[in-house]
Amino acid sequence: MGGELLGFVGVGRMGGPMAMRLLDAGYRLVVCDPVAAATAPLVARGAILADTPRAVADQAETVLVSLPTPAVVKAVALGADGVVAGGAVRVMIDLSTTGPATAAEVAAGLAKTGIVAVDSPVSGGIKGAVAGTLAVMVSCPRTTYQGITPVLGTFGKLFFTGEKPGLAQTAKLANNLMAAAALVVTSEAMAMGVKAGLDARVLIDIINVSSGRNSASQDKFPRAILPGTFDFGFATGLSYKDVRLCVDEAESLGVPMVVGAAVRQMLAVTQARFGAESDFTCIAKVLEEWAGVEIRG
């Protein structure tokens, strides 16, 4: 499949590194993003620049999108200048986190013009996007999955969740809820320990060889909270969006989420205090302010 022309809409913090990996793998790209600085490095490497998603879909049979919110995904996929209006496209791969309802709506809208939707959110952050170590969750017709495996395989490890639109989204929301919950409860525990007199580094080291270890204690705290940089690379607003979608989906399925609702509230507080563009590790800053301590080490 080397040399195949692919489309890519949304080449920002996550999409940009993934698009670079496709170029590294020998694919050709036609790209679109409203931010010129995002497309410039790709164009410098030979990617074709398009001004609308429709223009991308007029050239490439397979179009990937990596976008921030469900509303943006729906506009890019189904709008007047969206992928749905393209003349060449046959498959659209959505790498965004949108929730099952949006995935189903997009799939139904694209199907009207014979385009197959692939629901394929990813997990692993910018670091994983650069390294090609993402978890890539996929739901789509199995025959389509077989055809796009080489493309998605450039991003990391693939997990086929089934053919129903939105199944991969459900898996991603479950994961992101747990990641956010780990960050919240670890921040609470660390604030308590530091206020009691424990050294933050000693406490995190204890947790990481004990039963309380988790993704926040092992990665987010050492990288972004103990140094005081709060720059892990995932926005508070996006984490809040993901957890809100997860709790809403659970409610629609009749699954109670008592803890999930509390995590959602903590993210709402963090967003109100530090802004949607702040790093979601600022959850720990909220606990620092409430407890009157600094978690450093």
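None of the values given here were measured: they were computed from a predicted structure.
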Without placing hydrogens or testing angles, list every side-chain donor-acceptor pair under 3.5 Å for residues 184-194, not counting sequence neighbours.
{"unit_1": "Thr186", "atom_1": "OG1", "unit_2": "Ala182", "atom_2": "O", "d": "2.6"}
{"unit_1": "Thr186", "atom_1": "OG1", "unit_2": "Asn214", "atom_2": "OD1", "d": "3.4"}
{"unit_1": "Thr186", "atom_1": "OG1", "unit_2": "Asn214", "atom_2": "ND2", "d": "3.0"}
{"unit_1": "Ser187", "atom_1": "OG", "unit_2": "Leu183", "atom_2": "O", "d": "2.7"}

Ring pair (Phe, Tyr, Trp, His ring centres under 6.0 Å) pairs touching residues 129-163, sequence neighbours excluded, are Tyr145-Phe160
ask   = How would you list all residue pairs meeting ring pair (Phe, Tyr, Trp, His ring centres under 6.0 Å) that involve residues 278-297, not counting sequence neighbours?
value =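 Of all non-adjacent pairs touching residues 278-297, those that pass ring pair (Phe, Tyr, Trp, His ring centres under 6.0 Å) are Phe234-Phe280.
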Are any of the side-chain nitrogens in Asp199 or Arg296 under 4.0 Å away from the carboxylate oxygens of its partner?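 Arg296 and Asp199: not salt-bridged.
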Presence of salt bridge, Glu105 and Lys74, under 4.0 angstrom: yes
Query - Minimum side-chain heavy-atom gap Asp51-Cys32 below 4.5 Å - result: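 No, too far: nothing below the 4.5 Å cut-off.
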Suppose we screen for salt bridge (Lys or Arg N to Asp or Glu O under 4.0 Å). Which residues come up paired with Arg273, at least two apart in sequence or across chains?
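Partners of Arg273 by the salt bridge (Lys or Arg N to Asp or Glu O under 4.0 Å) criterion, ordered by chain and then number, come out as Glu289.
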Among Val30, Val9, Asp94, the one residue meeting side chain to side chain contact (heavy atoms under 4.5 Å, CB included) with Val63: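 The passing option is Val9.
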Full working for side chain to side chain contact (heavy atoms under 4.5 Å, CB included) between Val31 and Ile48:
CA-CA 6 Å; Val31 300; Ile48 302 165; over 6 Å; no
Please report, to 0.1 Å, the donor-acceptor pairs under 3.5 Å made by any side chain of residues 219-226, with sequence neighbours excluded.
{"unit_1": "Asp219", "atom_1": "OD1", "unit_2": "Arg223", "atom_2": "NH1", "d": "3.3"}
{"unit_1": "Asp219", "atom_1": "OD2", "unit_2": "Arg223", "atom_2": "NH1", "d": "3.4"}

Correct closest heavy-atom pair for Ser123 and Asn175 would be OG-ND2, 3.2 Å
All N/O donor-acceptor pairs, side-chain side in residues 242-258, below 3.5 Å, sequence neighbours left out:
{"unit_1": "Asp242", "atom_1": "OD2", "unit_2": "Asn176", "atom_2": "ND2", "d": "2.7"}
{"unit_1": "Ser252", "atom_1": "OG", "unit_2": "Glu249", "atom_2": "O", "d": "2.7"}

